[in-house]
Amino acid sequence: MSNNFKGIAASNGIAIAKAYLLVDPDLSFSKTTIKDVAAEQARVDDALKAASADVEIIKARAEKNLGADEAQVFEAHLMVLSDPEMSGAFKQKIADDQVNAEQAVKEVTDMYIGMFEAMTDNAYMQERAADIRDVTKRILSHLLNVALPNPALIDEEVVLVSKDLTPSDTSQLDRQFVKGILTDLGGRTAHASIMARTLEIPAVVGSEVATQEVAAGVTVIVDGLTGDVIVDPDADTLAVYQQKAADYLAQRAEWALLKDQQSVSADGKNFVLGANIGSPKDMDAVLENGSEGVGLYRTEFLYMESDHLPTEDEQFEAYKAVVEKMAGKPVTVRTMDIGGDKNLSYWKLPEEENPFLGYRAIRISLDQTEIFRTQLRALLRASAYGNLWIMFPMIATLAEFRSAKKVYSEERAKLEEAGVAMGDIKLGIMIEIPAAAVLADKFAKEVDFFSIGTNDLIGYTMAADRGNDKVAYLYQPYNPSILRLINNVIASAHNEGKFVAMCGEMAGDPIAVPILMGMGLDEFSMSAPSVLQTRSLMKKLNTADMKLLAEKALDAETNDEVVALVESATK
């Protein structure tokens, strides 16, 4: 019998496939006394071989999907699994203590993990503790004959069901096999949702019950358009959703005809539709969807997908690749936005009670200026190959912008003196802190452009963590308080003749787009697959009508009232 429930529609499309549960299995066991030492030692050998075979497959998939550099972490795992000292310690523990293989593996690896974690002055050795922890889980899974789920090992069409997905989980997904995503936790602006849209995988998040209601191997329908989930559908329901999936694909084919057209309203006003990316690998989708620029290049992924701070040359090559592919269209690069929920395994940031309000983004860059200068030099060099803009994240005060600009100017002067070719670069800031939004008229006199980061702006304004289900009702993108801040930023920029963009998820939201058009937003930057749908919507809307809609929305009292206004005006 089918079972229906609902979540948050996070990535458009319909997925129909068998469920693959990405949840940690039970790896518990009891310590036992054994008599056949040789048999237990043989079990260890078999488990090590099987674990190595798993990692070889994962490594090959990671090289294919992410590149050789990102796959190097699995080389470390293979080294641990083939280490004769480690395997010898397992066998010696079995012989000396007459314990089962599981207990021997656990005791020996716990000793190594504790030893490496104690090396607080050596980040590399501390990282080895994480490798051993991961490898231990894999060895135990084979000893216990329990399947250890891994998205990189999926080789058939599935809907991935998980409590939540980390950025590293989603980076391993292969669109050929992962047809849909379903989670217990998360919202539309969570990293997993953003990645799902980038990969064009239908997703429903924040269902609260997915991992309890969906069994492995059961057919599940994920409707990323409405948030509906149907588990074990009957034949009639299956037919309905197969037709709905076909209709959506036909709609996408219709949008694809707009690839080379301008983004223009019904009354002839032009807008810029850009795409958000995390690495040069995302550029195929940017170009396939007719994006008119890159409105947000999240450079932190260069740091997060590496096992070291990226060098100047490594960064230069990544930035150059993107600006060259855009062939003169603007590429807006956000400087390193590490901190909050984006941490580095090789560089331990200080423990903080509230990292989202702490040491992150531009605050780290202005404190660790050598890291900042390295990135700026790479960006300056890459600017010679295209149209590159730089924006600084998490700016709260004019003093921060002036300090960042000073460091930029110093590095530019050094490169000029060395005869290094550079292009003209626009310098701007992300508006994501309410203090900056309120003071936008002052910032507008000094910056070249604004880019409104609505994901954090909404969270900071409403004092609501977008990843906390208990306060999800407060994450209200259409709340008039948010709209008034956005309107102030746009008006302040235009009063000084400056360009204003939006790179938060709100920029591609069908409810928000009509209001933002009415406010006069210049650039809308979003996940690349949303570009053509937004271009289609814009062609149907008259900006004079949308200006009246925006005025009504700014005068509204609630988020729901604004939604009703938009739905009424765009029927």
Side-chain angles (χ1 to χ4, degrees), residues 1-25 149 151 154 156-166 169-170 172-252 466-470 472-473 475 505 508-511 527 529-530 533 563:
M1 182 181 294
S2 66
N3 176 26
N4 301 356
F5 56 90
K6 204 169 179 70
I8 299 166
S11 182
N12 289 344
I14 310 293
I16 306 172
K18 293 192 300 183
Y20 180 97
L21 263 62
L22 188 66
V23 295
D24 283 337
I154 296 171
E156 61 179 335
E157 292 190 357
V158 299
V159 167
L160 199 65
V161 182
S162 178
K163 190 174 185 66
D164 199 6
L165 285 177
T166 66
D169 287 332
T170 50
Q172 296 181 60
L173 304 187
D174 187 334
R175 284 190 297 175
Q176 179 184 352
F177 300 120
V178 178
K179 297 301 179 182
I181 293 172
L182 174 60
T183 70
D184 290 345
L185 305 177
R188 270 193 61 84
T189 58
H191 289 299
S193 300
I194 295 169
M195 288 289 283
R197 288 193 287 278
T198 299
L199 293 169
E200 298 183 72
I201 298 174
V204 172
V205 301
S207 69
E208 300 183 358
V209 297
T211 55
Q212 285 79 46
E213 296 291 335
V214 183
V218 171
T219 297
V220 60
I221 298 171
V222 171
D223 189 336
L225 302 168
T226 65
D228 290 309
V229 178
I230 299 94
V231 183
D232 194 17
D234 57 34
D236 289 343
T237 304
L238 198 58
V240 167
Y241 274 91
Q242 285 170 338
Q243 184 59 52
K244 190 173 182 180
D247 291 344
Y248 177 71
L249 290 176
Q251 176 68 79
R252 281 186 58 182
R466 55 177 157 150
N468 186 334
D469 290 346
K470 297 295 184 185
Y473 72 97
Y475 198 84
E505 289 304 302
D509 185 329
I511 296 294
S527 300
S530 299
Q533 181 180 358
V563 173

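Just so you know, these numbers use all the heavy atoms, side chains as well, and skip hydrogens, waters and symmetry mates. Here the structure is a predicted model, which means the values were calculated and not measured.
- Between the OG atom of Ser527 and the CD atom of Glu505 there is a distance of 4.5 Å, given to the nearest 0.5 Å.
- No side-chain heavy atom of Pro202 sits less than 4.5 Å from a side-chain heavy atom of Ile14.
- Between Val161 and Val159 the shortest side-chain heavy-atom distance falls below 4.5 Å.
- In this structure the side chain of Asp228 never reaches within 4.5 angstrom of the side chain of Asn4, judged on heavy atoms.
- Counting only distance, with no hydrogens or angles, the side chain of Asp184 and the backbone of Thr211 share a donor-acceptor pair below 3.5 Å.
- Taking all atoms of both residues into account, the shortest heavy-atom contact from Gln176 to Glu157 is O-CG, 4.1 Å.
- In plain terms, the two heavy atoms of Pro233 and Thr219 that are nearest each other are CD-O, 3.5 Å.
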Task: side chain to side chain contact (heavy atoms under 4.5 Å, CB included) between Ile16 and Lys179, worked out - done: CA-CA 7 Å; Ile16 306 172; Lys179 297 301 179 182; over 6 Å; no
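- Using modelled atom types, one finds no donor on one side chain facing an acceptor on the other under 3.5 Å when comparing Gln251 with Asp247.
- Atoms CD1 and CG, from Ile201 and Asp174 in turn, are 8.5 Å apart once rounded to the nearest 0.5 Å.
- Between the side chain of Ser193 and the main chain of Ala10, no donor-acceptor pair closer than 3.5 Å is present.
- The list of salt bridge (Lys or Arg N to Asp or Glu O under 4.0 Å) pairs with a residue in residues 212-226, not counting sequence neighbours, reads Asp223-Lys244.
- Between Ala196 and Ile181, the closest heavy-atom pair is CB-CD1, 4.0 Å.
- Atom CD1 of Ile221 and atom CG of Leu182 lie 12.0 Å apart (nearest 0.5 Å).
- With rounding to the nearest 0.5 Å, the separation of CG in Leu22 from NZ in Lys163 is 13.0 Å.
- In terms of heavy-atom proximity, Glu200 sits nearest to Pro529 at CG-CG, 3.0 Å.
- At distances below 3.5 Å, at least one donor-acceptor pair connects side-chain atoms of Ser207 with backbone N or O atoms of Thr183.
- Across all non-hydrogen atoms, the minimal contact from Gly7 to Val204 is CA-CG1, 3.6 Å.
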